[in-house]
Structure formats: C-alpha cells, structure tokens
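Whatever order the structure lists ligands and atoms in, that order sets their numbers, starting from 1. Throughout, residue positions are numbered sequentially from 1 according to the sequence presented.
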Amino acid sequence: MTDKIAVIGFGNIASAIVTPLLDKKLIQPENVFCVVNTEKSLEKIKNNYKHNINVYKSGSKESKIIWDCQYKLLSIKPQQLNYISEAYHIKNKDNLIVSILAGVSINRLAQKFPNHKCVRVVTNIPITIGKGLTGISWGKEITEDQKQFTKKLFENTSKIYEFTEDYLDIFLALTSSGPAIIALIIEALSDGGLSGGLPKIISEELVMEMILGTICLIKEKKLTTSELKNLVTSPGGTTISALRVLEKKSVRSALIESIVSASNRSKEFR
Ligand SMILES: NC(=O)C1=CN([C@@H]2O[C@H](COP(=O)(O)OP(=O)(O)OC[C@H]3O[C@@H](n4cnc5c(N)ncnc54)[C@H](OP(=O)(O)O)[C@@H]3O)[C@@H](O)[C@H]2O)C=CC1
Ligand SMILES: O=C(O)[C@@H]1CCC=N1
C-alpha cells in the first residue's frame, strides 16, 4: 500500500489496526498521518510509539495536512464526532473515510463529510494479533479501488464479513464488545479457582487453557454445544451441580441481554 493514510484519532483500536500493517511493512510510517486531541497523547505517541509516524494535535495548523490524504481512518469515539469538520478546500477527488465508530450510520457520515465516500466498519481488538473479525458495510458509490483499499486495511489481520448496515450493531455487540464479556467470564471463573485455594496466576492460566481447549474440541470434532455439554455432565455429578447454579442465577439470560443491550447502545449513536 503506497498510499498516504490519515488516522483521525489514534487510540486503542486505531493502533490495533495500524500497528500490524506497519510491523509487516504493508504501509510505511512516513505515509501515516495521525491526529489526536491532547498534548499528552501527542507526546506519548511521539516518544513511545515504535514506528516513526507523523502525528499532530487536533486544531493545529499542521494537522490540516490530513485532509490532503485520499484515505482516512476515522477512529474517534462516536461522542467526539461533533468536534470534527471536513476542511473547506479538499484537493483530492475520490476521498474515502473508513469509519470504525460504533453505531454512527453511513448517512450521518455522508452528511458530515460531503466530499468523501464513506464506509462503515466494525472490527475487534484481537486484530492486534491477527485474529480479528471485521464487518464492512459499503456506502453509496464506493469504487472498486476504494473497496480494495478498505479490505487491505483489515484482511491481513482479520476475517472479513460484508453486511448490509442493519447487521453491524449486533455484529459489534458480539465481536467488539464480546472480548470484554469474555474477559469478565475468565476473571470470574479464576476467582472461583482462587476461592478453592489456587494461586491467581495458576487459576487464570487454567481457565484460559480450558476455554481454548473447549473451543478447539468443539471445532475439531464438529460438536454442537449441547453435545459437548452432554459429554461432560454426568447424572448427579459435579457439572450439573455447577450448571444448576448458573441457571438459578439467570446467567444465560444475562448474557443474551448483555448482547442485546450493547447492540441497542450502538443504535443510539446513529
Ligand atoms: N476499542 C475497541 O475494541 C473498539 C472500538 N471501536 C470504536 O473505535 C472508536 C475508537 O475507540 P478507542 O480506540 O477504543 O478509543 P480511544 O479513546 O482509545 O481513542 C480515541 C482517539 O480519538 C482521539 N480524539 C478525540 N477527539 C479528537 C478530535 N477532536 N480530533 C482528533 N482526535 C481526537 C483521542 O485523542 P486523545 O487521546 O488525545 O484524547 C484518541 O486518540 C470508537 O468510535 C469505538 O466505538 C470499535 C470496535 C472496537
Ligand atoms: O465500548 C465501546 O463503545 C467500543 C465499541 C465496541 C467496543 N468498544
């Protein structure tokens, strides 16, 4: 990818997307132009980030250079969108904004950036290690080159799913908020191990290896989740005793509602 790319907001997820591309030399640091909001983040990136990218503070004269880049990754929080405005004089034609903002619709993006074509993307934090999931919804009149560019940003580090926009909120709930839900489950199960007297570090490792092993078994043997459950749950045994507690505490329902709630919250950012 020889093109210049502007990154508007270089926080957790933008770094997770861009760093592997820089690591693999798929983009060159001199072609990356980032803008952040605070002096603190600016200094942190300048002093600590491992690649020598261009970085500016929002509102500074130098930061205007980002509007000369044909391709832009928009990666601020949805609540921060009101503070961003397109430059008056855009030199390039065929400008593209790839937005990873939770919930914000292509329509709203198109209104906000009238001199750009807009694509809405959902990705997730495991993209950092090449195990991401990315959902893409194309806006109006996106050219084949723009599609190729967007896919190149994500295809080396994630599986790509193309959707109509309606599915992106639930996709985000499951895949982008999902890692935090899984982290909570790991933490809670580890605390269970702790309660039984295991040291924290061992308890956490056991939980993670158990989860990894379970997923691999389900996938390798093509088991359904019910089949797996039946393999483990003996009549009057320990597992049914554990499952009874989870049903009594409505954990299944809580997990379903957590996904619905995340999806609804995403819709509020339209
Ligand atoms: N984290 C995740 O796993 C996922 C996040 N997303 C979406 O990605 C987006 C970013 O999330 P995340 O990376 O976690 O958030 P962060 O808070 O880590 O990053 C936000 C970035 O935006 C910058 N910023 C804020 N205001 C402005 C401005 N006016 N001009 C330029 N830059 C600005 C911040 O700068 P500063 O640090 O100086 O304030 C920061 O670099 C969100 O819209 C979120 O919905 C989607 C999927 C997954
Ligand atoms: O919590 C958030 O708002 C972001 C969007 C999806 C994951 N993190």
Side-chain angles (χ1 to χ4, degrees), residues 5-20 32-49 53-67 69 72-87 97-106 108-109 112-113 118-129 131-137 150 153-154 157-161 163 165 167-184 258-270:
I5 179 165
V7 184
I8 308 173
F10 195 75
N12 295 320
I13 198 76
S15 170
I17 296 165
V18 172
T19 308
V32 179
F33 297 80
C34 291
V35 55
V36 291
N37 199 35
T38 60
E39 195 66 40
K40 192 175 163 202
S41 292
L42 181 77
E43 290 308 315
K44 198 171 150 199
I45 297 167
K46 274 187 178 168
N47 297 329
N48 301 334
Y49 188 56
I53 55 175
N54 303 286
V55 57
Y56 312 97
K57 191 172 167 315
S58 63
S60 66
K61 206 171 151 199
E62 311 84 70
S63 72
K64 304 225 172 342
I65 196 169
I66 62 160
W67 298 103
C69 299
K72 296 168 193 75
L73 179 70
L74 184 65
S75 43
I76 52 170
K77 298 278 190 202
Q79 297 93 328
Q80 294 158 339
L81 185 58
N82 286 339
Y83 304 106
I84 307 280
S85 330
E86 190 179 272
I97 290 220
V98 177
S99 166
I100 54 153
L101 273 56
V104 176
S105 65
I106 294 175
R108 170 134 179 253
L109 293 166
K112 186 99 194 132
F113 304 103
C118 301
V119 172
R120 191 175 148 198
V121 168
V122 171
T123 192
N124 71 350
I125 204 76
I127 197 169
T128 321
I129 54 152
K131 296 214 175 284
L133 294 169
T134 297
I136 304 182
S137 186
T150 307
L153 284 180
F154 300 96
T157 40
S158 61
K159 288 185 184 167
I160 292 187
Y161 300 79
F163 285 117
E165 211 182 350
Y167 286 107
L168 286 188
D169 302 301
I170 194 70
F171 183 89
L172 175 134
L174 270 181
T175 65
S176 308
S177 298
I181 298 172
I182 296 301
L184 179 144
S258 74
I259 297 301
V260 173
S261 179
S263 176
N264 288 343
R265 180 68 183 131
S266 170
K267 288 181 184 144
E268 286 173 12
F269 292 128
R270 283 284 175 277

Item checked: Min side-chain heavy-atom separation Ile5-Leu153 under 4.5 Å -> yes

Notebook entry, point to check: Any side-chain heavy atom of Leu101 sitting closer than 4.5 Å to one from Phe269?
Noted result: no

Check: Lys267 and Asp169: which non-hydrogen atoms are nearest, and at how many Å?
Finding: CG-OD2, 3.5 Å

Checklist line | atom 5 (C) of ligand 2 [closest protein heavy-atom partner, distance rounded to 0.1 Å] | finding: Ala102 CB, 4.0 Å

Notebook entry, point to check: Would the number of heavy atoms belonging to other residues, nucleotides or ligands and lying under 6.0 Å from OH of Tyr167 be above 12?
Noted result: no

Check: Under 4.0 Å from atom 2 (C) of ligand 2, is there any protein heavy atom?
Finding: no

Item checked: Glu165 bridged to Arg120 by N-O distance under 4.0 Å -> yes

Notebook entry, point to check: With hydrogens left out, which residues have an atom under 4.0 Å from ligand 1, given that only heavy atoms count?
Noted result: Gly9, Phe10, Gly11, Asn12, Ile13, Val35, Val36, Asn37, Thr38, Ser41, Ser58, Ser75, Ile76, Lys77, Pro78, Gln80, Ile84, Ile100, Leu101, Ala102, Thr123, Ser176

Item checked: Where ligand 2 meets Ser176 - atom numbers and elements under 4.0 angstrom, heavy-atom basis -> 6 (C), 7 (C)

Check: Of all residues at least two apart in sequence or in a different chain, which pass the ring-ring contact (aromatic ring centres under 6.0 Å, His included) check with Tyr49?
Finding: Phe10, His51

Margin query: The test is side-chain contact (heavy atoms from CB on, under 4.5 Å); show your working for Glu39 and Leu42 and say whether it passes.
Written below: CA-CA 5 Å; Glu39 195 66 40; Leu42 181 77; 3.8 Å; yes

